[in-house]
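Chain letters run A, B, ... following the sequence lines, proteins first and then strands; every chain starts at 1. As the structure is a computational prediction, the values presented were derived from the model and not from experiment.
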Amino acid sequence: MKSLPREFYYSNTLQLAKNLLGMKIVRVSNDKILSGIISETEAYRASDDPASHAYKKMSNRNKPMFGEVGFAYVYFTYGMHFCFNVVGRSKNYKAGAVLIRSIIPVDGIDQMIKNRKINDLKNISNGPAKLTQALKISKEDNGVDLVNNSKLFITNGVTPEKITSSPRIGISVATEKKWNFKMIC
DNA sequence: GAGTAGATACTCT
DNA sequence: GAGTATCTACTCA
């Protein structure tokens, strides 16, 4: 199992959001492997995207979005939830990241059920905050490199049969941009 | 199955 | 001090 090369993330953020569909997130926790296929993503860009954290200027929080591609951007929201993003953009952009909204559990499902403290397999990782819980991703993982990393990385998974796009969820601006991508397999 | 309220703590103004 | 890229549990049907 090999993590995707850095070049993979040097891509238009919208294209990257689609390319990430079907890829596999691998998390190693306590010598146990947790993994899942990415089934839903959202693209967030820089000054051309009012819904993005990087729309205004760099701050301590959104710093990873401006940094090297292939790094993780984990942020905290609603007082109790983390969301997991992958930094990626073409070279002429200042910032950009892809929010992972949903994964399909593959390995370590037992462990994920323990992490989530629920028994319903369908609800184990079908939301941004759910998958971070299931994979034990927290602010500790903010700014880590996903390319040179044996504990948290992304690798090849399946090829999506079909990709659909729709407006992003839970935002109040730039809703005309259909930058939410779902995989149908 | 669909819709609503409440919890919660971090970040920026 | 206000807003937040959400989830769960509860209600009603």
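Side-chain contact between A:Tyr44 and A:Glu42 is present, with heavy atoms from C-beta onward closer than 4.5 Å. Side-chain contact between A:Asn85 and A:Ile100: absent, with no pair of heavy atoms (C-beta onward) separated by less than 4.5 Å.
Listed nucleotides: C:dC7, B:dA7, C:dA5. Nearest to the side chain of A:Asn85: C:dA5. Nearest to the side-chain atoms of A:His81 among the listed nucleotides B:dT8, C:dC7, B:dT11 stands C:dC7. When the nucleotides C:dC7, B:dC12, C:dA5 are ranked by their closest atom to the side chain of A:Ala129, C:dC7 comes out on top. Nearest nucleotide to the A:Met65 side chain, out of C:dT6, B:dT11, C:dA5: C:dA5.
Close to B:dC12, at under 4.0 Å from its OP1 or OP2, lies no side-chain N or O of A:Lys57. In this model, the phosphate group of C:dC7 is not approached by any side-chain N or O of A:Arg116 to a distance below 4.0 Å at OP1 or OP2.
Put simply, A:Phe76 does not rest on the base of B:dA9: the two rings are not both less than 5.5 Å apart at their centres and under 30° in tilt.
Atom OH in A:Tyr78 sits about 14 Å away from atom C1' in B:dT11, given to the nearest Å. When the C1' atom of B:dC10 is taken as reference, atom NZ of A:Lys63 falls 16 Å away, rounded to whole Å. Note: CZ (A:Arg61) to C1' (B:dA9) measures 12 Å, nearest angstrom.
Summarising the local packing, CG of A:Asp31 is surrounded by 12 or fewer heavy atoms from other residues, nucleotides or ligands at distances under 6.0 Å.
Checked by distance alone, A:Tyr75 brings a side-chain donor or acceptor within 3.5 Å of a matching partner on the base of C:dA5.
Nearest heavy-atom pair across A:Leu152 and A:Arg27 is CB-NH1, 3.7 Å.
Nucleotide C:dA5 forms no Watson-Crick or G-U wobble pair with any nucleotide shown, as no partner meets the under 3.5 Å limit on both distances.
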